[in-house]
Amino acid sequence: MGWFSMNGITFACLKEGEKPLPEHAYASSVHSDVRYVIWQEDGLWNVCSVSNKSGKVSFLPLAEQLFKSSDEAWRAAYQHWIDIDRLQGVTRQRAALEVLKSARDAFPTLKG
């Protein structure tokens, strides 16, 4: 199994014949918020995001179909992360605007 981590995201690429197991969610010493597992299945490639809610590990498929190459699977995982990051950025921005609006309502003399 190989690991690749960057900017709070970790990719695990399993060896041929390996299937994702709960320990794959924790096997890296890197503490990432987002993790993906990529593995070969029947000559094609699968990719799942790793969810660890309430201490229960789940592997959530990113696509209904398998990919022709590990590169395609990796690109799907990376795009999924980009989409999540973009959505979270928009959410953080909206939350910040709501806080600013509430502050203005509470303190009418507040400028900015």
Side-chain angles (χ1 to χ4, degrees):
M1 172 174 42
W3 289 93
F4 173 73
S5 294
M6 66 176 203
N7 298 331
I9 179 174
T10 297
F11 299 93
C13 191
L14 305 182
K15 292 180 185 175
E16 190 172 340
E18 281 187 295
K19 300 285 184 198
L21 300 170
E23 51 265 26
H24 292 134
Y26 308 107
S28 172
S29 62
V30 177
H31 301 287
S32 298
D33 294 334
V34 181
R35 291 176 182 259
Y36 295 95
V37 178
I38 300 168
W39 73 98
Q40 195 169 19
E41 188 174 313
D42 300 325
L44 297 172
W45 291 85
N46 205 340
V47 61
C48 288
S49 64
V50 178
S51 172
N52 184 10
K53 298 204 180 197
S54 303
K56 183 175 187 253
V57 174
S58 301
F59 296 96
L60 310 171
L62 294 190
E64 293 180 13
Q65 80 284 349
L66 299 178
F67 297 92
K68 292 179 183 177
S69 69
S70 60
D71 184 60
E72 285 182 19
W74 184 86
R75 288 174 190 260
Y78 186 72
Q79 185 61 51
H80 184 263
W81 176 70
I82 292 291
D83 294 343
I84 288 172
D85 192 56
R86 186 175 298 130
L87 180 62
Q88 288 176 344
V90 168
T91 302
R92 285 189 298 267
Q93 185 179 24
R94 285 185 184 147
L97 289 173
E98 286 298 316
V99 167
L100 181 59
K101 182 183 179 304
S102 296
R104 284 183 181 154
D105 292 344
F107 304 100
T109 58
L110 184 67
K111 301 208 187 236

Minimum heavy-atom distance C13-W45, with the two atoms named: SG-CZ3, 4.2 Å
Closest non-hydrogen atom pair, L14 against P20: CD1-N, 3.6 Å
Heavy atoms from other residues, nucleotides or ligands near CD of E16 exceed 12 (cutoff 6.0 Å): no
Say whether L44 and F11 are linked into one hydrophobic cluster, either directly or through other cluster members, by side-chain heavy-atom distances under 4.5 angstrom. no
Interatomic distance, CZ@F67 vs CG@L62, rounded to 0.5 Å, equals 7.0 Å
Starting at OG of S70, measure out to CD of Q40 and round the result to the nearest 0.5 Å. 8.5 Å
Among E41, K19, Q65, exactly one meets side-chain contact (heavy atoms from CB on, under 4.5 Å) together with N46. Which residue is that? E41
Only one of V57, L60, T10 passes side-chain contact (heavy atoms from CB on, under 4.5 Å) with V50; say which it is. V57
Specify whether H80 and Y36 have parallel, tilted or perpendicular ring planes, treating 30° as the upper limit for parallel and 60° as the lower limit for perpendicular. perpendicular
Is there a side chain to side chain contact (heavy atoms under 4.5 Å, CB included) between C48 and W39 once you walk through the steps? CA-CA 9 Å; C48 288; W39 73 98; 3.4 Å; yes
Without swapping roles, check the side chain of E18 against the backbone of K15 for a donor-acceptor pair under 3.5 Å. yes
Residues E72 and W74: side-chain donor-acceptor under 3.5 angstrom: no
